[in-house]
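If you're wondering where the values come from, they're calculated on a predicted model, not measured in any experiment.
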Amino acid sequence: MLVTRPEPGGEETAARLRALGFAPILAPALVLQPRPVAVPRAQAILITSRAAARALTPQPVPLLAVGEASAAAARESGFTDVTAAAGTAADLARLAAERLDPAAGPLLLAVGEGYALDLAADLRARGFRVARRIAYRAAPALTLPEACAAALGHGTITSILFHSPRSAHCAITLLRAAGHAATLAGMEAFAISQRVADAAAAAIAPLAFRAIHVAGRPSEDALLALLSGRAAPPAAPGAS
């Protein structure tokens, strides 16, 4: 099973897969590169990933996270007033509208380069002033890890996991460039959301995966439940 999630999340996913009895092969599609963030005055901070949480210096303001995993990363980084949304950017915008007042000051939206443009627009449409700051860059991986290349050569990989639209696109682009388009088409794909599944299907076209399975909600627990054949526990942390 090919894991395309960037590190450090990729190894965490691999460990959970091993516990379920699978044999994961790591092939991170993106390389995360933190960037220093100049934090302006804001009534609250919003984050859409664990990478953003790790790039920030704790501030004495509320932090709203897209999901439980990013909220946990913020707490580990030293933030104390942390609230998690239900897992999507739309959920995060709704949480901000419920908890915060546009008249109380701007919001700091800390994201990866090229990410969360729709979220910023949604928040502004709700009357908020938004300072969008780049906390990290996600660069496409240039080569496949040796273990991945060897497994692909032996035909031992039968499925692939996708955690984001961009990582799906970059992983498929890298694998096709390495001559593994036909191998991809023989795999089953497991996507954390319909949006991710759509990105994967578009990236492999005109070929298609043997099957694409979509998690019932955007969390790693729901994604792994597709593999384990059991329902995901409702209160477990997500993979945002």
Looking at side-chain heavy atoms only, is the closest gap between [X] and [Y] below 4.5 Å?
{"X": "V111", "Y": "L119", "answer": "no"}
{"X": "H163", "Y": "V196", "answer": "no"}
{"X": "L100", "Y": "L107", "answer": "yes"}
{"X": "T48", "Y": "S70", "answer": "no"}
{"X": "L175", "Y": "T183", "answer": "no"}
{"X": "R16", "Y": "D221", "answer": "yes"}
{"X": "R18", "Y": "P24", "answer": "yes"}

If I compare all heavy atoms of [X] with all of [Y], which pair ends up nearest, and what's the gap?
{"X": "F209", "Y": "A200", "value": "CE1-O, 3.8 Å"}
{"X": "L32", "Y": "P6", "value": "CG-CB, 4.0 Å"}
{"X": "I212", "Y": "A201", "value": "CD1-CB, 4.0 Å"}
{"X": "A96", "Y": "F128", "value": "O-CZ, 3.6 Å"}
{"X": "R124", "Y": "V130", "value": "NH2-O, 3.0 Å"}
{"X": "P58", "Y": "F79", "value": "CA-CZ, 3.6 Å"}

Side-chain donor/acceptor of [X] to backbone N/O of [Y], under 3.5 Å:
{"X": "S77", "Y": "A53", "answer": "yes"}
{"X": "S159", "Y": "M1", "answer": "no"}
{"X": "E7", "Y": "P28", "answer": "no"}
{"X": "R176", "Y": "A203", "answer": "yes"}

Which distance, rounded to the nearest 0.5 Å, do you find between the [atom1] of [X] and the [atom2] of [Y]?
{"X": "L64", "Y": "L46", "atom1": "CG", "atom2": "CG", "answer": "4.5 Å"}
{"X": "I192", "Y": "R5", "atom1": "CD1", "atom2": "CZ", "answer": "7.0 Å"}
{"X": "T80", "Y": "L63", "atom1": "OG1", "atom2": "CG", "answer": "10.0 Å"}
{"X": "T88", "Y": "R217", "atom1": "OG1", "atom2": "CZ", "answer": "13.0 Å"}
{"X": "L174", "Y": "L144", "atom1": "CG", "atom2": "CG", "answer": "4.0 Å"}
{"X": "E68", "Y": "T83", "atom1": "CD", "atom2": "OG1", "answer": "9.5 Å"}

Given E113, which of R35, R132, R133, R166 fulfils the salt bridge (Lys or Arg N to Asp or Glu O under 4.0 Å) condition?
R35

In one Ile/Leu/Val/Met/Phe/Trp/Tyr side-chain cluster, 4.5 Å: [X], [Y]:
{"X": "L161", "Y": "V31", "value": "no"}
{"X": "I47", "Y": "L92", "value": "no"}
{"X": "L26", "Y": "F22", "value": "yes"}
{"X": "I45", "Y": "L109", "value": "no"}
{"X": "I160", "Y": "I172", "value": "yes"}

Where do L207 and L184 land on the side-chain contact (heavy atoms from CB on, under 4.5 Å) test, with the steps shown first?
CA-CA 9 Å; L207 300 176; L184 270 171; over 6 Å; no

Given the rule in the side-chain contact (heavy atoms from CB on, under 4.5 Å) test, do T13 and L223 qualify, once you have shown the distances and angles that lead to the verdict?
CA-CA 10 Å; T13 297; L223 180 61; over 6 Å; no

Please identify each residue that fulfils salt bridge (charged side-chain N to carboxylate O under 4.0 Å, His left out) with R99, with sequence neighbours left out.
none

Give a yes or no on whether H169 atom NE2 has more than 12 heavy-atom contacts from other residues, nucleotides or ligands under 6.0 Å away.
no

Within a reach of under 6.0 Å around CZ of R195, are more than 12 heavy atoms found that belong to other residues, nucleotides or ligands?
no

Contacts of type side-chain hydrogen bond (donor to acceptor under 3.5 Å, both in side chains), residue D122, not counting sequence neighbours:
R126

